[in-house]
Trainee: 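Please see the structure below; I have some questions.
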Amino acid sequence: QVQLVESGGGSVQAGGSLRLSCTASKYTYNSNCMGWFRQAPGKEREGVATIFTGGGRTYYADSVKGRFTISHDNAKNTVYLQMNSLKPEDTAMYYCAAVYGRYCSGGADANEYNYWGQGTQVTVSS
């Protein structure tokens with residue numbers, strides 16, 4: 001079993017920045033993919049950014065390209081999401097997810113991810 005613990009959420013004004021962290025209880029180099037998803041009230045969950053922990057290849061949703069950056073530090077078993085130029089529409093609960101022990105494409109298909117964190121709230125005010 002793998003536990004994922006997110007931190008770094010909070011409230012910020014539009015144009016501001018936040019950095020989310022997700023620390024895994026298992027070595028992240030044993031994971032195939034890790035990613036960040038978000039869900040706003042009344043909306044479906046969407047993939048924000050993902051990363052292959054082995055090769056570092058990344059995926060970003062069109063809505064966050066150029067503003068968000070996903071990275072990982074295997075030595076700390078941690079994945080980060082740096083969020084800049086935040087917009088009110090970025091307001092959502094953000095979830096960290098990971099794939100251990102099975103194939104992942106590195107895209108935004110939430111069904112590929114078999115471990116999830118509890119989520120951290122991000123609120124962006126205009």
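Keep in mind that what you see is a predicted model, and the values were worked out from it rather than measured.
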Trainee: Quick test of your reading: applying side chain to side chain donor-acceptor pair (under 3.5 Å), list the pairs with at least one residue in residues 85-94, sequence neighbours left out, ordered by first then second residue.
Mentor: Arg38-Asp90, Arg38-Tyr94, Arg67-Asp90

Trainee: Quiz question: by atom type and distance under 3.5 Å, do the side chains of Ser17 and Asn84 form a donor-acceptor pair?
Mentor: yes

Trainee: Does Glu6 reach the main-chain N or O of Gly119 with its side chain, forming a donor-acceptor pair under 3.5 Å?
Mentor: yes

Trainee: Please answer whether the main-chain N or O of Val2 pairs with a side-chain N or O of Ser25 as donor and acceptor at a distance below 3.5 Å.
Mentor: no

Trainee: For Lys65, enumerate each residue passing the salt bridge (charged side-chain N to carboxylate O under 4.0 Å, His left out) test, keeping only those at least two apart in sequence or located in another chain.
Mentor: Asp62

Trainee: Ignoring hydrogens and angles, tell me if any N or O in the side chain of Asn114 forms a donor-acceptor pair with the backbone of Tyr100 under 3.5 Å.
Mentor: yes

Trainee: Within the 4.5 Å heavy-atom criterion, are Cys33 and Tyr113 side-chain neighbours or not?
Mentor: yes

Trainee: In chain order, what residues pass the side chain to side chain donor-acceptor pair (under 3.5 Å) check against Asn74, with sequence neighbours excluded?
Mentor: Thr28, His72

Trainee: Mind checking whether Lys26 and Asn77 have side chains closer than 4.5 Å, heavy atoms only?
Mentor: no

Trainee: Kindly compute the distance separating OG1 (Thr53) from CG (Asn32), expressed to the nearest 0.5 Å.
Mentor: 6.5 Å

Trainee: Could you walk me through whether Met83 and Val64 satisfy the side-chain contact (heavy atoms from CB on, under 4.5 Å) test, starting with their C-alpha distance in whole Å, then the side-chain angles of each, then the deciding distance to 0.1 Å, before giving a yes or no?
Mentor: CA-CA 9 Å; Met83 304 185 294; Val64 306; over 6 Å; no

Trainee: If two hydrophobic side chains count as joined below 4.5 Å and joins carry through other members, does Tyr60 share a cluster with Tyr80?
Mentor: no

Trainee: If two hydrophobic side chains count as joined below 4.5 Å and joins carry through other members, does Leu81 share a cluster with Phe52?
Mentor: no

Trainee: With a 4.5 Å heavy-atom cut-off, do Tyr115 and Gln1 have their side chains touching?
Mentor: yes

Trainee: Under 3.5 Å, is there a donor-acceptor pair between the side chain of Tyr95 and the main chain of Thr120?
Mentor: no

Trainee: With sequence neighbours left out, what residues match Arg45 under salt bridge (charged side-chain N to carboxylate O under 4.0 Å, His left out)?
Mentor: none

Trainee: Looking at Lys76, is its backbone amide N or carbonyl O close enough to the side chain of Thr78 to form a donor-acceptor pair, meaning the two atoms are under 3.5 Å apart?
Mentor: yes

Trainee: Any salt bridge (Lys or Arg N to Asp or Glu O under 4.0 Å) involving residues 95-114? Give me the pairs, sequence neighbours left out, ordered by first then second residue.
Mentor: none

Trainee: Taking C-beta and beyond as the side chain, do Leu86 and Leu18 meet within less than 4.5 Å on heavy atoms?
Mentor: yes

Trainee: Treating Ile, Leu, Val, Met, Phe, Trp and Tyr as nodes and any side-chain heavy-atom pair under 4.5 angstrom as an edge, say whether Tyr59 and Val99 lie in one connected cluster.
Mentor: no

Trainee: Are Leu20 and Ile70 grouped together when hydrophobic residues (ILVMFWY) are joined by side-chain heavy atoms under 4.5 angstrom apart?
Mentor: yes

Trainee: When you group the ILVMFWY residues by side-chain heavy-atom contacts below 4.5 Å and let the links chain together, are Phe37 and Met93 in the same group?
Mentor: yes

Trainee: Could you list all the disulfide (SG to SG under 2.5 Å) pairs where at least one residue sits in residues 60-96, not counting sequence neighbours?
Mentor: Cys22-Cys96

